[in-house]
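The residues of the chain are indexed from 1 along the displayed sequence. First listed ligand is number 1; within each ligand, the first listed atom is number 1.
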Amino acid sequence: MKPLFKRGLALAALSLAFASAVHAQAFPDNKPVTMVVPFAAGGPTDVVARMLAIPMGKALNTTVTVENTVGAGGTIASARVARAAPTGHTIYLHHMGMATAVSLYRKLSFDPLKDFEYIGQVVDVPMTLLARKDFPANNYAELISYIKANKEKVSLANAGLGAVSHLCGLLFMSSIGVDLTTVPYKGTGPAMNDLLGGQVDLLCDQTTQTVPMIKEGRIKVYGVTTTKRLSALPNVPTLDEQGNKGFEVKVWHGMYAPKGTPKDAIDKLNAAMRAALADPTVKQRLADLSSEIPAADKLTPEGLRTHLEAEIKKWGPVITKAGIYAD
Ligand code: MLT
């Protein structure tokens with residue numbers, strides 16, 4: 001064989017090998033991953049997303065950017081993710097609103113059990129019942145008396161139908177037998193701004209946002225929504241111990257991808273999510289906010305799917321009985 005011809009053959013073989021390597025290049029490639037968050041920047045879901053984005057990016061050797069797609073209690077973002085390209089480059093962090101939306105909304109343009117792949121459960125977060133700093137009631141007993149005597153004057157903020165602030169507020173109002181004027185926002189980030197500014201009276205919100213503000217004395221706190229006190233707020237009693245027996249709301253979160261995202265990508269995203277949750281800085285920050293990382297079997301695609309199914313079943317009758325829904 002002539003040397004020139006031999007060289008040409010070798011080059012052709014090399015470029016073929018290169019082309020098939022490029023073709024076979026598995027996720028993650030060098031494209032960034034977008035983590036969609038269904039509520040406003042600065043709020044509790046956004047806090048968790050931004051905490052995880054950098055260590056997840058490190059584990060995937062790419063950039064993970066957070067996108068806040070807000071509105072309709074998280075359902076706009078869920079629909080956006082359900083329709084996104086299933087390549088592994090769009091992921092979704094949402095809380096238990098993914099389960100309650102099924103009963104709260106008469107029409108949904110997505111199906112939580114059919115339109116997503118499941119990456120894993122992420123974090124469990126307690127809530128706190130709060131008021132603006134100059135609200136007249138100084139403790140839980142005074143809060144109840146004040147609300148009962150002034151119900152037409154008191155406003156309660158939330159992040160819309162499907163938000164956990166909305167659910168917690170509804171459970172609180174029904175537990176004390178009053179109906180207050182509710183004020184919807186696109187997330188409890190903006191709701192908190194108005195609470196701090198004194199434009200709204202009350203808010204039930206997650207510790208991922210509220211612990212620093214409570215510690216700094218910028219808002220009033222009447223109780224935590226878990227049945228045990230929180231290590232981050234040891235002097236704040238539970239609502240249960242103050243007479244609101246059985247009052248309990250703990251917010252679980254899950255990470256999703258559009259249906260059809262390849263298993264290989266889901267496995268890598270799950271490994272990156274678990275690596276982020278094992279990062280010492282992330283663990284410490286979550287502990288400082290009294291937020292818990294779920295047990296290992298929940299940090300899996302099957303763990304999230306099973307939990308979501310159970311939560312859809314659990315909240316259905318509660319929501320139907322309460323007669324709350326949106327068209
Ligand atoms: C948020 O991130 O703004 C909250 O999770 C909204 C909510 O209350 O569900």
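Close N/O approach between D205 and ligand 1 is not found [any backbone or side-chain N/O within under 3.5 Å]. In terms of polar-atom proximity, defined here as any N/O pair under 3.5 Å, G43 makes no such contact with ligand 1. Between D46 and ligand 1, no pair of N/O atoms sits closer than 3.5 Å. Between H166 and ligand 1, a contact under 3.5 Å exists for no N or O pair.
Contact analysis puts Q206 in contact with ligand 1, with a non-hydrogen atom separation below 4.0 angstrom. For the ligand labelled ligand 1, residue P44 lies inside the 4.0 Å heavy-atom shell.
Of the residues listed (K245, K228, R229), the one engaging D240 in a salt bridge (Lys or Arg N to Asp or Glu O under 4.0 Å) is K245, and it is the only one.
Checked against a 6.0 Å centroid threshold, the rings of Y146 and F135 count as neighbours. Side-chain rings of H95 and W252 stay apart, their centers remaining 6.0 Å or farther from each other.
When all heavy atoms of C168 and M127 are compared, the closest pair comes out as CB-SD, 3.7 Å. Minimum heavy-atom separation, A232 to P234: C-CD, 3.5 Å.
Heavy-atom contacts of G187 reach the following atoms of ligand 1: 3 (O) (cutoff under 4.0 Å).
Only the side chain of H95 comes within 4.0 Å of ligand 1, judged by heavy-atom distances.
Atom 4 (C) of ligand 1 has its nearest heavy-atom neighbour, among L93, T100, L203, T188, in T188. For atom 8 (O) of ligand 1, the candidate residues are A49, G97, S165; the nearest heavy-atom contact is made by S165.
Counting only heavy atoms of the protein, atom 2 (O) of ligand 1 lies nearest to T45 OG1, 2.6 Å. Of all protein heavy atoms, the one closest to atom 6 (C) of ligand 1 is A159 CB, 3.6 Å.
Not a single donor-acceptor pair under 3.5 Å links the side chain of R285 to the backbone N or O of V48.
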Begin from the C-alpha positions of K263 and E117 and carry the test salt bridge (charged side-chain N to carboxylate O under 4.0 Å, His left out) through to its verdict.
-> CA-CA 9 Å; K263 180 165 183 323; E117 302 292 343; over 6 Å; no
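In this structure the side chain of M96 reaches within 4.5 angstrom of the side chain of L167, judged on heavy atoms.
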